[in-house]
Structures are given as C-alpha cells and as structure tokens.
Trainee: 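Following this message is one structure expressed as structure tokens.
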Amino acid sequence: MAALRPLTKQAALNTGSVLLVGAEWLPLDELAAAILKENKSFEVNVHLAKCLPLPVENEHTRPRIDLIVFLIDVRSQHSVEVVRSSLAYVDVNFFLGKVCFLAVGDKSVKHQVVEMYTLKQLADSYLSPLIPAELESAERRAAMAKRLLQILKVAAGLVPGVSALALSSLIRPSFKTEAAES
C-alpha cells in the first residue's frame with residue numbers, strides 16, 4: 001500500500017476535497033453532512049475513511065485530496081492508535097499545511113482517557129494544528145464545518161495570495177495545555 005500523496009492529480013476547477021479519517025464510532029458521516037450543508041463559494045468533495053491506507057482498487061477514480069482531517073476521540077486510546085497507524089500512509093508533503101487533527105469529545109477532564117497535552121505533542125510532531133471539537137450537537141458540528149471549510153479553502157489553493165504552508169500559523173489554538181502554561 002502506497003502513501004497518500006498530495007498534488008499527484010490534477011485539481012478540479014474551484015473544488016476542494018477533504019478526507020475525514022477516524023475510528024468507526026466517531027461521527028464522521030454527521031460532520032461530512034454538516035460540511036456539505038454549509039453555504040460555500042466552491043465545490044466540496046468529502047471522503048470518509050476509518051483508517052489509512054485507502055483501497056488501491058479505486059485509486060484512478062479518486063479525486064485529489066486537498067486536506068486530511070484526523071479525528072481523535074479523547075475518550076479512547078484506541079482512537080489515537082488508529083490515527084498513529086494511519087499517519088504512516090501519509091506522504092510528508094501533506095504535512096505542509098494539508099493536515100489537521102480534531103480532538104473530539106467534551107471538555108470535561110473526567111471523561112478524557114487521552115490527555116490534550118499528548119495530542120498536542122502528536123500534532124506538533126507533524127507540524128499540524130490540533131483543534132478541539134465537540135460534535136455532539138448540530139450547532140457545534142455546523143461551527144466546526146465552517147472552520148474546516150475555511151481551512152480547506154486555503155489548503156486547496158482557492159484563496160489568492162495565501163499558501164497552505166502558512167495554515168498552521170493562521171490557526172491559533174483555542175486552548176492551552178498545562179505544560180505550555182508553565
């Protein structure tokens with residue numbers, strides 16, 4: 001199984017493609033529906049995967065992937081392992097502004113199995129942003145969909161004068177980890 005590579009296919013005009021990767025119990029389909037439901041100035045393709053690598057048999061029909069979003073459930077260590085094993089199948093060039101991590105779950109520390117500091121270290125090791133996300137309600141999914149569409153627009157090269165390389169500097173973390181504060 002080959003690594004998923006960016007820019008190996010021709011970009012479709014005024015189109016961005018996002019790949020959502022996460023464990024089977026995460027609400028990937030609900031987030032995808034929220035992304036497609038939002039008003040946008042460009043066409044969006046949303047693809048879902050429980051893990052990488054993607055199947056080889058439909059490689060020729062698969063569109064170019066502009067953004068990979070890894071969803072990690074903070075209530076499950078298995079979710080982290082799924083993402084870590086999938087990262088091996090992503091070409092290093094994707095980590096130049098075309099990958100982000102979503103820490104899915106409520107902010108309540110008592111339900112977290114995985115510490116945010118651990119996830120922040122994982123994201124930092126791949127030079128990619130970590131975004132905390134609560135996807136329990138339709139309103140929160142819609143807000144996250146808007147944010148992901150903004151990121152996708154930049155990653156797909158649809159914003160003149162803004163490079164995907166600057167994406168991680170444009171995304172400010174909306175939380176601070178305990179280690180970062182000390």
Side-chain angles (χ1 to χ4, degrees), residues 4 16-52 54 63 65-87 89-90 94-95 97-156 164 167-168 170-178 180:
L4 192 58
S17 295
V18 61
L19 174 63
L20 303 177
V21 180
E24 57 196 43
W25 64 86
L26 288 169
L28 297 176
D29 52 346
E30 294 173 9
L31 181 58
I35 290 171
L36 294 172
K37 190 177 178 181
E38 286 297 316
N39 289 330
K40 47 208 166 292
S41 60
F42 61 102
E43 285 291 317
V44 175
N45 296 319
V46 180
H47 303 277
L48 309 177
K50 294 176 186 168
C51 62
L52 295 179
L54 295 175
I65 303 295
D66 296 303
L67 177 67
I68 302 175
V69 180
F70 289 101
L71 284 81
I72 303 171
D73 188 349
V74 297
R75 299 164 290 201
S76 168
Q77 185 63 37
H78 176 68
S79 176
V80 177
E81 297 309 317
V82 167
V83 168
R84 281 195 177 149
S85 65
S86 295
L87 286 167
Y89 297 99
V90 178
F94 255 110
F95 298 105
K98 294 184 174 286
V99 170
C100 71
F101 296 89
L102 290 186
V104 178
D106 57 16
K107 294 181 181 176
S108 172
V109 178
K110 65 181 178 180
H111 297 293
Q112 290 183 359
V113 174
V114 182
E115 291 185 30
M116 290 302 279
Y117 179 72
T118 304
L119 298 181
K120 183 70 174 132
Q121 283 183 317
L122 175 67
D124 287 349
S125 68
Y126 287 97
L127 303 173
S128 300
L130 172 67
I131 303 168
E134 294 183 34
L135 303 176
E136 309 302 324
S137 69
E139 296 83 24
R140 292 184 187 242
R141 280 191 301 276
M144 184 51 58
K146 285 179 185 174
R147 191 165 185 186
L148 289 176
L149 283 169
Q150 291 171 342
I151 296 169
L152 175 60
K153 194 171 184 178
V154 172
L167 192 58
S168 60
L170 295 173
I171 300 172
R172 299 276 182 237
S174 55
F175 67 94
K176 293 194 186 272
T177 58
E178 292 173 10

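Everything quoted here is computed from the prediction, not taken from an experiment.
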Trainee: If you compare all heavy atoms of Leu71 against all heavy atoms of Ser79, which two are closest, and at what distance to 0.1 Å?
Mentor: O-OG, 3.9 Å
Trainee: Atom CD in Glu81, atom CD1 in Ile72: separation rounded to 0.5 Å?
Mentor: 10.0 Å
Trainee: How close do Glu134 and Gly105 get, heavy atom to heavy atom, and via which atoms?
Mentor: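 Closest approach of Glu134 to Gly105, heavy atoms only: CG-O, 3.3 Å.
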Trainee: Are Val69 and Ile151 close enough that some pair of their side-chain heavy atoms sits under 4.5 Å apart?
Mentor: no
Trainee: Is it the case that the side chain of Arg141 and the backbone of Leu135 share a donor-acceptor pair, with hydrogens and angles ignored and the cut-off at 3.5 Å?
Mentor: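 Yes, because the side chain of Arg141 sits within donor-acceptor range (under 3.5 Å) of the backbone of Leu135.
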Trainee: Charged N to carboxylate O below 4.0 Å: is that the case for Glu38 and Lys153?
Mentor: no
Trainee: Write down the atom of Ala49, the atom of Leu54, and the distance for their closest heavy-atom approach.
Mentor: CB-CD2, 3.8 Å
Trainee: Atom CG of Asp124 and atom OH of Tyr117: how far apart are they, to the nearest 0.5 Å?
Mentor: 8.5 Å
Trainee: May I have the step-by-step check of side-chain contact (heavy atoms from CB on, under 4.5 Å) for Arg75 and Trp25, ending in yes or no?
Mentor: CA-CA 11 Å; Arg75 299 164 290 201; Trp25 64 86; over 6 Å; no
Trainee: Could you tell me the separation between the CG atom of Leu36 and the CG atom of Leu149, rounded to the nearest 0.5 Å?
Mentor: 8.5 Å
Trainee: Please find the pair of heavy atoms, one from Ser128 and one from Phe101, that lie closest to each other, and give the distance.
Mentor: CB-CE1, 3.7 Å
Trainee: What are the two closest heavy atoms between Val99 and Leu67, and how far apart are they?
Mentor: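 So the minimum-distance heavy-atom pair works out to N-CD1, 4.0 Å.
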Trainee: If we only count heavy atoms from C-beta on, is the Thr118 to Val80 side-chain gap below 4.5 Å?
Mentor: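 No, too far: nothing below the 4.5 Å cut-off.
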Trainee: Are Gln150 and Val154 close enough that some pair of their side-chain heavy atoms sits under 4.5 Å apart?
Mentor: no
Trainee: Are the side chains of Leu122 and Leu87 in touch, meaning some heavy atoms are under 4.5 Å apart?
Mentor: yes
Trainee: Could you check whether any side-chain heavy atom of Leu31 comes within less than 4.5 Å of a side-chain heavy atom of Leu102, counting everything from C-beta outward?
Mentor: yes
Trainee: Calculate, to the nearest 0.5 Å, the distance between atoms OH and SG belonging to Tyr126 and Cys100 respectively.
Mentor: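 These two atoms lie 15.0 Å from each other.
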Trainee: Would you compute the distance between atom CZ of Arg84 and atom CD of Gln77 and round it to the nearest 0.5 angstrom?
Mentor: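 Going from CZ on Arg84 over to CD on Gln77, the span is 7.0 Å.
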Trainee: Is Lys40 close to Ile35 at the side-chain level, that is, under 4.5 Å between some pair of heavy atoms?
Mentor: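 A side-chain contact under 4.5 Å is absent here.
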Trainee: Let me know which of Val18, Ile65, Ile68 forms a side chain to side chain contact (heavy atoms under 4.5 Å, CB included) with His47.
Mentor: Ile65
Trainee: Say whether, by atom type as modelled, one donor and one acceptor occur between the side chain of Lys98 and the main chain of Ala155 under 3.5 angstrom.
Mentor: yes
Trainee: Quick one: does Leu19's side chain get under 4.5 Å of Phe94's, heavy atoms only?
Mentor: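 The answer is no; the side chains never approach within 4.5 Å.
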Trainee: Identify the heavy atoms of Asp29 and Leu48 that sit nearest to each other, and give their distance.
Mentor: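 Shortest heavy-atom contact: CA-CD1, 3.9 Å.
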Trainee: Would Asp66 and Leu152 count as a side-chain contact (heavy atoms from CB on, under 4.5 Å) if you check the C-alpha gap in whole Å, the side-chain angles of each, and the deciding distance to 0.1 Å?
Mentor: CA-CA 7 Å; Asp66 296 303; Leu152 175 60; 3.9 Å; yes
Trainee: Nearest 0.5 angstrom please: Ser86 OG to Leu4 CG, how far?
Mentor: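 Atom-to-atom, Ser86:OG and Leu4:CG are 10.5 Å apart.
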